[in-house]
Amino acid sequence: MDVLRWEVLLAVLGVLVPIAAALYEFVFVGRKRLGYRVQMDTTATDAVHSRYAGVQYAGALQQLQDGDGTRLTDPSFVLLRIENSGATHIDIDDYAVLPDDKVGIRVRFPGRRVAGMVVTELSDDFLRPCFNDDSGLNVRDGVIELPKVPLNRSAHYKVLAALERTDGTEADPRAEFAPPEVIGGIKGGVGNGGVQETRSQTGTSWRAVALICFLVTVILGQLAFSVLGRDGAGAPLDCAGGELTLTGSTAFEPVLRDAAKAYGETCAQQGVEFHYAFESSDEGLDALEREGKRRGAGKAEMLAFTDGTKRDDQPLLLPRPVAFTLFTLVVHRDAGVQDLTPEQIRDLYEGRITNWREVGGEDLPVRLVSRHSDSGTRKAFERRVLGRAQSLAPTSDDCENPRPGAPRGPVSCERGSTTGVLDEVAETPGAIGYSGLDEASTRKDLLPVRIGGRRATLEEADHGAYPFWETEYAHTYGEPPATSLAAAFLRYLTNEVGRDIVRSRGHRPCAELQNPVLCRPVPQTAPPGAEGAGAAG
């Protein structure tokens, strides 16, 4: 949890700091802001330029005269740029002076007197009327007076002034003059609203560099916590390590393999290892019972999954409904049928129909491919569709040729897994069998069979229209400890990720059904003529 908090803190800082910087720059600092920039402040000496300009021009700038013909003392030149450096425009009413004062900015030069001044550059030509004779542009007592000029965003103008020294000191070409004093203010401006000195920016500002460095630090910090911090933080809270064997139903096997793989990837740091022994529901229950008796209640590292619940003689096996599973009948593509009534299906499996032409199909002998008697899928078929145990015993090994001395009737054979049934039906002309819907729907070499016109869908089954379904149960031997891998994996199957996996394989999680405790669709009556049909789940 500490790692999580640090990661969240870094993420929040990584978002808030740039936002705060943007607000500061464009909302707070970026309000009305009037700035100035000294672009030139130099003396008129011949220390360097006389070497290039020639003797006739040497000292020409030093011959500058005042308006009365008096020669200027130690003349110098200043180029001053006045600019709108804020984010909004500046109007004449924004200057912080009295309404009847035409002057918006005053500029004085300590130790120097203004001998002459001219506005040399306007960012926009429409600013020109702002500097007419009655605008307030003037030089008074050695101070430049600039009018209240309206400036749009980034607009500017420049003032070139000729000055002479007045402090009586000896001229030194290398001596720097005191910077000019720019007096003025803007209503609602930054800080006290005064005119701020700006500087030309040729590289990246220190603020931008600082922000980039901060963001890089945040990213590296998050990376370090993700890569290094989690090594010591452990796996997610509901992870448990160890070994676990999954056994039982072959119809539910694809779901469990996918879920075990996803759980192992999520909880890899805990050292998780799954083993698989899917043969049939009854064999899975028997294996769990043997393992439980050997290790003790709650200590068996095994889960058994069944199509339907356990037998009554297994009191220490604790069932938990996991999913609502659909099954379907499948036939060979040459049989010529894709819809059978419940009565026709019972007649097929009781030997009264031996050729597909008897139900409107092709002239092919019927061949029945079933699961072994301990299969949960077979029990679901007998309970939900036939209404009784299948009466025909297996009469063939290869599903085509009857054994010597076999009774007359359709050829009947058995296979030990869902895949075995599907493969046999696809390869044997006239064959019919059954399997979980998920596995059958992936096969293009055989055809699904509707039951009484009803397709094998969750909606049809949930409304009592489709009969071939069963509740999928997970069994433990006694109650496993809450911290065990068995308990953690069962919780995983019922959380969001586990439910997604169950749903992706064509099943419906029990938690999504109308009655999740019983995990069955709406109550339905037994098929017509199905005497002794068992209760659901």
Side-chain angles (χ1 to χ4, degrees), residues 235-264 266-267 270-325 374-377 379-380 470-495 497-499 501-502 505 507-511 513 515-520 536-537:
L237 289 178
D238 206 27
C239 278
E243 296 186 18
L244 184 65
T245 298
L246 305 179
T247 185
S249 169
T250 60
F252 206 58
E253 178 182 356
V255 173
L256 297 174
R257 285 185 178 272
D258 288 350
K261 179 181 178 182
Y263 181 92
T266 301
C267 304
Q270 296 295 95
V272 178
E273 186 174 357
F274 287 95
H275 305 283
Y276 308 101
F278 296 102
E279 295 184 26
S280 68
S281 295
D282 278 2
E283 289 192 13
L285 292 175
D286 292 341
L288 175 60
E289 191 166 37
R290 290 193 299 269
E291 182 69 8
K293 289 178 179 179
R294 185 177 70 85
R295 297 179 62 92
K299 298 180 180 179
E301 297 174 343
M302 180 180 290
L303 293 174
F305 293 83
T306 62
D307 309 325
T309 190
K310 63 186 178 70
R311 302 189 303 270
D312 293 337
D313 60 347
Q314 297 171 314
L316 285 180
L317 299 188
L318 305 182
R320 294 167 176 79
V322 175
F324 169 59
T325 299
D374 59 359
S375 163
T377 304
K379 291 180 179 179
E470 190 54 272
T471 300
E472 202 71 34
Y473 285 90
H475 295 79
T476 60
Y477 191 88
E479 194 70 45
T483 57
S484 66
L485 176 56
F489 184 69
L490 287 175
R491 290 192 295 269
Y492 185 80
L493 281 175
T494 58
N495 71 13
V497 177
R499 289 201 300 268
I501 295 173
V502 170
R505 284 290 185 171
H507 309 272
R508 178 175 292 182
C510 285
L513 291 178
N515 195 340
V517 177
L518 297 178
C519 197
R520 62 187 183 188

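Quick caveat, the model's predicted, so the values are computed rather than measured.
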Exercise for review: List the atom of G308, the atom of H475, and the distance in Å for their closest heavy-atom pair.
Suggested key: O-CE1, 4.3 Å
**Study point:** Min side-chain heavy-atom separation E301-R295 under 4.5 Å
**Key:** yes
Exercise for review: Look at the aromatic rings of F489 and Y492 and report parallel, tilted or perpendicular, splitting at 30° and 60°.
Suggested key: parallel
Check your understanding: Does any non-hydrogen side-chain atom of Y263 lie less than 4.5 Å from one of L485?
Key -> yes
Point to revise | Heavy-atom closest contact (A482 atom, A487 atom, distance) | key: O-CB, 3.8 Å
Exercise for review: Write down the atom of Y473, the atom of P319, and the distance for their closest heavy-atom approach.
Suggested key: CD2-CB, 3.8 Å
Point to revise | For F305 against A474, the heavy-atom pair lying closest together | key: CE2-CB, 3.3 Å
Point to revise | Validation row: E479, L318 side chains within 4.5 angstrom (heavy atoms) | key: yes
Review point. Between H275 and E243, do the side chains contain an N or O donor and an N or O acceptor separated by less than 3.5 Å?
Key: yes
Review point. Going by heavy atoms in the side chains, are L285 and T306 under 4.5 Å from each other?
Key: yes
Review point. Nearest 0.5 Å, what's the CD-OH distance between Q314 and Y477?
Key: 10.0 Å
Review point. Do you know the tightest heavy-atom contact between C510 and A323?
Key: SG-N, 3.2 Å
Point to revise | Geometric cation-pi criterion, R257 with Y276: 6.0 Å, 45° | key: yes
Check your understanding: Under 4.0 Å between a Lys/Arg side-chain N and an Asp/Glu carboxylate O for E470 and K379?
Key -> no
Practice item. Examine distances only and state if a side-chain atom of R499 and a backbone atom of P509 form a donor-acceptor pair shorter than 3.5 Å. Key: no
Practice item. Any chance you could lay out the side chain to side chain contact (heavy atoms under 4.5 Å, CB included) test for L256 and L493, step after step, and finish with the verdict? Key: CA-CA 9 Å; L256 297 174; L493 281 175; 4.2 Å; yes
Review point. Does a side-chain heavy-atom distance below 4.5 Å link E472 with H507?
Key: no
Check your understanding: Can you tell me how far CD of E291 sits from CG of D286, rounded to the nearest 0.5 angstrom?
Key -> 13.5 Å
Review point. Under 6.0 Å between ring centres, would you say that holds for F278 and F252?
Key: no
Exercise for review: Under the side-chain hydrogen bond (donor to acceptor under 3.5 Å, both in side chains) rule, what do T476 and R320 come out as? Steps first, then yes or no, please.
Suggested key: CA-CA 9 Å; T476 60; R320 294 167 176 79; 2.9 Å; yes
**Study point:** Sub-4.5 Å side-chain heavy-atom contact between E279 and T247
**Key:** no
Exercise for review: Could you tell me whether D374 and R311 have a side-chain N and a carboxylate O separated by less than 4.0 Å?
Suggested key: no
Point to revise | Exercise: identify the closest heavy-atom pair between A486 and P480 | key: CB-CB, 4.3 Å
Revision key, fill the gap. Side chain to side chain donor-acceptor pair (under 3.5 Å) with S249: of D282, D307, T325, only one passes, and it is D307
Review point. Taking C-beta and beyond as the side chain, do T245 and L303 meet within less than 4.5 Å on heavy atoms?
Key: no
